[in-house]
Each structure stands twice: as structure tokens, then as C-alpha cells.
Amino acid sequence: MRIILLGSPGAGKGTQCKNIVAEYGLLHLSSGDILRQQRAAGTELGRKAQSYMDSGGLVPDEIVIEMMIEAMSKAPEAGFMLDGFPRTVNQAVELDKALAPSGQKIDVILNLSIDDSVVAKRMTGRRSCPKCGAVYHIENLKPRVEGVCDHDGVALVRRPDDEPEVVANRLETYHEQTEPLVDYYKSNSNVVDIDAEKDADAVKAVIFEQLEAFAEP
Ligand code: AP5
């Protein structure tokens with residue numbers, strides 16, 4: 001299966017992707033995670049992306065498209081799950097062009113919808129593991145030991161772009177540049193709208209119910 005997960009910052013894309021890729025054996029390709037890894041490694045790509053990410057804007061299309069198409073080429077036969085990419089109509093067009101020669105197509109687009117006011121609360125409480133990328137929340141999804149990752153015992157951190165003023169910019173960027181993708185995909189693909197304001201387990205249950213319809217027997 002090839003799946004795209006759309007949704008605003010903090011809609012729960014990363015949280016839900018973990019469940020889906022584990023169930024279907026897919027490669028999880030998060031453009032945000034890959035960019036953060038590049039920054040941590042001090043690569044030229046990471047340095048180029050830094051100022052855009054810190055201000056809540058989008059990294060230029062030419063950088064992200066090449067990076068993600070390269071990452072997709074390593075996907076197993078089972079497929080992949082795109083999280084945070086595409087994020088502009090131009091990125092979606094280039095994705096389609098990259099898949100076309102091998103006859104691949106996106107099977108389903110899951111669109112997580114959530115109000116901006118809920119996003120703000122989620123971002124304030126988000127904590128992430130800098131080593132494995134696991135995501136927690138200080139109230140909604142607590143680690144077993146406060147401030148420590150369940151998987152590797154590393155101290156959890158707050159993402160710098162979760163500061164309120166950057167979150168406001170990220171939401172504005174989402175509404176201006178990414179939301180139009182929903183209409184783009186609705187005209188020619190399978191788009192499933194998911195209410196992402198429910199608790200994480202309820203969202204997971206709805207997603208799995210929907211994916212069963214698309215999974216091969
Ligand atoms: P990226 O890392 O992709 O950030 P994002 O899209 O803004 O999404 P987030 O990771 O913030 O949120 P999420 O939806 O994954 O939510 P999560 O599951 O963590 O991108 C970062 C930056 O990189 C961008 O701003 C941009 O600069 C650049 N970039 C990335 N891709 C790009 C592209 N294609 N083109 C150009 N630039 C690009 O959940 C959030 C919190 O809520 C957590 O604490 C979680 O525990 C909690 N939570 C989750 N679900 C629930 C629930 N149902 N109920 C209660 N709490 C919940």
C-alpha cells in the first residue's frame with residue numbers, strides 16, 4: 001500500500017503513522033523527521049532547511065522533492081506511508097510524475113482534520129525523543145517515567161518549532177499552502193476525511209477500519 005497522511009501541524013500524523021506502518025509493514029517517510037535528521041547531522045541540506053523550519057515556513061520545493069523521491073526509492077514491496085509530504089500542489093504533481101514510470105500510484109490519502117485551537121494545546125504539551133523520534137504528550141500520552149523515553153531511556157525534548165509564535169506561523173503556512181492539496185486530491189484520488197480531535201485510540205480505530213477497505217486480500 002502507498003498512503004499519504006495529510007493534516008495540519010499537530011493533527012497527530014506522526015502518532016498515527018507509527019501504528020499504521022507497524023501493522024502493514026510499510027516504510028514511514030516523514031519529511032519533517034528526515035529534515036531534522038539532516039540538521040542534527042550538520043549536512044548542507046540540513047543547513048539550508050534550518051531557517052525555514054525555525055520560522056514555521058516551508059523548505060523550498062526543490063530541496064524537499066529530491067530528498068523524498070530518493071527516500072521513497074528505498075521502500076519495501078509492501079509500500080510506504082508519506083507523512084508531511086507532499087505539502088504543496090507542486091510537490092504533489094512532482095510525486096505523481098516520479099511514481100508514473102513504474103506504474104505506482106497512491107492508494108489512499110488520509111486527511112486528519114482538527115481545529116487550530118486544539119492544535120495549540122497539543123503542541124504546548126508535546127515532547128519527543130531525540131534518539132528514536134517517539135512522540136509523547138505531557139497529559140494525553142505520558143511516558144512511563146516523566147521526561148524519559150519508554151524505548152531507550154533518553155531524556156525527552158521540546159521541539160523548538162513548538163513555541164507558540166512559530167506554531168501560529170506553521171498553521172498559517174498550512175492553511176495557505178497545504179490545505180489546497182485536499183481539493184487537488186479529491187478531484188482524482190481516494191481521500192478519506194478523519195476526525196482527528198478524538199483521542200488517539202479512537203482515531204486509530206477509525207483509520208484501521210478505513211484502511212481495511214484498501215488493503216489487498
Ligand atoms: P513536520 O515535522 O512534518 O511537522 P508538522 O507537519 O507541522 O507536524 P507535526 O510533526 O508538528 O505534528 P503531527 O501531525 O505529526 O502530530 P504528532 O503526532 O506529533 O515538519 C516540520 C517542518 O519541516 C515544517 O514546518 C517545514 O518547515 C519543514 N517541512 C516538513 N515537510 C516539508 C515539506 N514537504 N515541504 C516543505 N517543508 C517541509 O502529535 C502532536 C502532539 O499531540 C503530540 O504530543 C501527541 O502525543 C499529541 N496527540 C496526537 N494525537 C492525539 C490525539 N488524538 N489526542 C490527543 N493528543 C494527541
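Residue indices begin at 1 and follow the sequence shown.
Linking Ile, Leu, Val, Met, Phe, Trp and Tyr residues whenever their side-chain heavy atoms come within less than 4.5 Å places Leu82 and Ile34 in a single cluster. Hydrophobic clustering keeps Leu99 apart from Met81 (ILVMFWY residues linked when any side-chain heavy atoms are closer than 4.5 Å, directly or through intermediates). Grouping the Ile, Leu, Val, Met, Phe, Trp and Tyr side chains by contacts below 4.5 angstrom, directly or via other members, places Leu141 apart from Val203. Taken together through direct or relayed side-chain contacts under 4.5 Å among Ile, Leu, Val, Met, Phe, Trp and Tyr, Ile106 and Tyr24 form parts of separate hydrophobic clusters. Linking ILVMFWY residues whenever their side-chain heavy atoms come closer than 4.5 Å, directly or via other members, leaves Leu171 and Val182 in distinct clusters.
Asp116 and His175 share a donor-acceptor pair across their side chains, judged by distance under 3.5 Å alone. Counting only N and O atoms by type, the side chains of Thr88 and Gln177 include no donor and acceptor under 3.5 Å apart.
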Exercise. Please walk me through it: do Cys149 and Cys132 pass side-chain contact (heavy atoms from CB on, under 4.5 Å)?
Worked result: CA-CA 9 Å; Cys149 180; Cys132 72; 3.7 Å; yes

For this session: Determine, step by step, whether Phe208 and Ile20 satisfy the side-chain contact (heavy atoms from CB on, under 4.5 Å) criterion, reporting the C-alpha distance in whole Å, the side-chain angles of both residues, the deciding distance to 0.1 Å, and the verdict.
Result: CA-CA 8 Å; Phe208 274 77; Ile20 300 165; 4.3 Å; yes

Problem set entry | Trace of the side-chain contact (heavy atoms from CB on, under 4.5 Å) decision for Asp115 with Val119 | CA-CA 7 Å; Asp115 193 80; Val119 166; over 6 Å; no

Exercise. Can you list the steps and then say if Asp162 with Arg170 is a salt bridge (Lys or Arg N to Asp or Glu O under 4.0 Å)?
Worked result: CA-CA 9 Å; Asp162 280 349; Arg170 288 164 65 197; 3.0 Å; yes

For this session: Run the numbers on Arg126 and Arg159 for side-chain contact (heavy atoms from CB on, under 4.5 Å), then give the verdict.
Result: CA-CA 8 Å; Arg126 172 163 56 184; Arg159 265 173 49 178; 3.4 Å; yes

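Side chain of Arg127 to backbone of Ile138: no donor-acceptor contact under 3.5 angstrom is found. The main-chain N or O of Ala200 is found under 3.5 Å from a side-chain atom of Gln16 such that the two form a donor-acceptor pair. The backbone N or O of Gly84 sits less than 3.5 Å from a side-chain atom of Arg87, completing a donor-acceptor pair. With hydrogens and angles ignored, the 3.5 Å screen pairs no side-chain donor or acceptor of Tyr136 with any backbone N or O of Gly125. Judged by distance alone, with hydrogens and angles left aside, the side-chain atoms of Thr124 form a donor-acceptor pair with the main-chain N or O of Ala120 at under 3.5 Å. No donor-acceptor distance shorter than 3.5 angstrom exists from the side chain of Ser128 to the backbone of Gly133, with no hydrogens or angles considered. At least one donor-acceptor pair under 3.5 Å links the side chain of Arg122 to the backbone N or O of Gly10. For the pair Asn169 (side chain) and Ser55 (backbone), a donor-acceptor distance under 3.5 Å is present. Using a distance-only test at 3.5 Å, with no hydrogens or angles considered, a donor-acceptor pair links the side chain of Thr173 to the main chain of Gly56.
Note that the CD1 atom of Ile207 and the CD1 atom of Ile194 stand 5.0 Å from one another [nearest 0.5 Å]. The structure places CZ of Phe85 at 14.5 Å from CG of Leu5, a figure rounded to the nearest 0.5 Å. Here Ser31 contributes atom OG and Gln91 contributes atom CD; the two are 7.5 Å apart, rounded to the nearest 0.5 Å. Between Glu197 atom CD and Ser113 atom OG the span is 7.0 Å, to the nearest 0.5 Å. Distance check, rounded to the nearest 0.5 Å: CD1 of Ile3 to CG of Leu110 gives 6.0 Å. A distance of 10.5 Å separates NZ of Lys142 from NE2 of His137, quoted to the nearest 0.5 Å.
Contact of the Leu112 side chain with the Asp195 side chain is not registered, since no non-hydrogen atoms from C-beta on lie closer than 4.5 Å. Considering only heavy atoms from C-beta on, Val148 stays 4.5 Å or farther from Leu156 through its side chain. Within the 4.5 Å cutoff, no side-chain heavy atoms of His151 are placed close to those of Cys129. Put simply, the side chain of Lys18 reaches to within 4.5 Å of the side chain of His28, judged on heavy atoms. Side chains of Leu58 and Val64 form no contact here, defined as non-hydrogen atoms less than 4.5 Å apart. Looking at Leu35 and Leu45, their side chains come closer than 4.5 Å, going by heavy atoms from C-beta outward. Between Val108 and Leu211 the shortest side-chain heavy-atom distance falls below 4.5 Å. In this structure, the side chains of Phe80 and Gln104 come closer than 4.5 Å at one or more pairs of heavy atoms.
Between Ile114 and Ala196, the closest heavy-atom pair is CD1-O, 4.1 Å. The two residues Leu29 and Ala71 have their closest heavy-atom pair at CD2-CB, 3.8 Å. Closest of all the heavy-atom pairs between Leu27 and Val21 is C-CG1, 4.3 Å. Summarising the geometry of Ala78 relative to Leu26, their closest heavy-atom pair is O-CD2, 3.2 Å, with the distance given to 0.1 Å. Here the closest non-hydrogen pair linking Asp107 and Asn190 is O-ND2, 3.0 Å. Across Ala92 and Leu181, no two heavy atoms sit closer than the pair CB-CD2, 3.5 Å.
Glu94 meets the side chain to side chain contact (heavy atoms under 4.5 Å, CB included) test with Ile65, Asn90, Lys97; sequence neighbours excluded. Under the side chain to side chain contact (heavy atoms under 4.5 Å, CB included) criterion, Val191 pairs with Ile109, Asn111, Tyr185, Lys186, Asp193, not counting sequence neighbours. Every residue meeting the side chain to side chain contact (heavy atoms under 4.5 Å, CB included) condition with Glu163, not counting sequence neighbours, appears here in chain and number order: Arg158, Glu165, Val166.
Of the charged side-chain nitrogens involved, none lies within less than 4.0 Å of a carboxylate oxygen, so that Lys13 and Asp83 do not count as a salt-bridged pair. Ion pairing between a basic and an acidic side chain is recognised when a charged N comes within 4.0 Å of a carboxylate O; Glu44 and Lys48 show such pairing. Between Arg39 and Asp54 a salt bridge is recorded (basic side-chain N to carboxylate O distance below 4.0 Å). Between Lys204 and Asp201 there is no salt bridge, since no side-chain N of the basic residue sits under 4.0 Å from a carboxylate O of the acidic one.
Within a 6.0 Å radius of OH in Tyr52, no more than 12 heavy atoms belonging to other residues, nucleotides or ligands are found. Heavy atoms of other residues, nucleotides or ligands lying less than 6.0 angstrom from CD of Glu66 number 12 at most.
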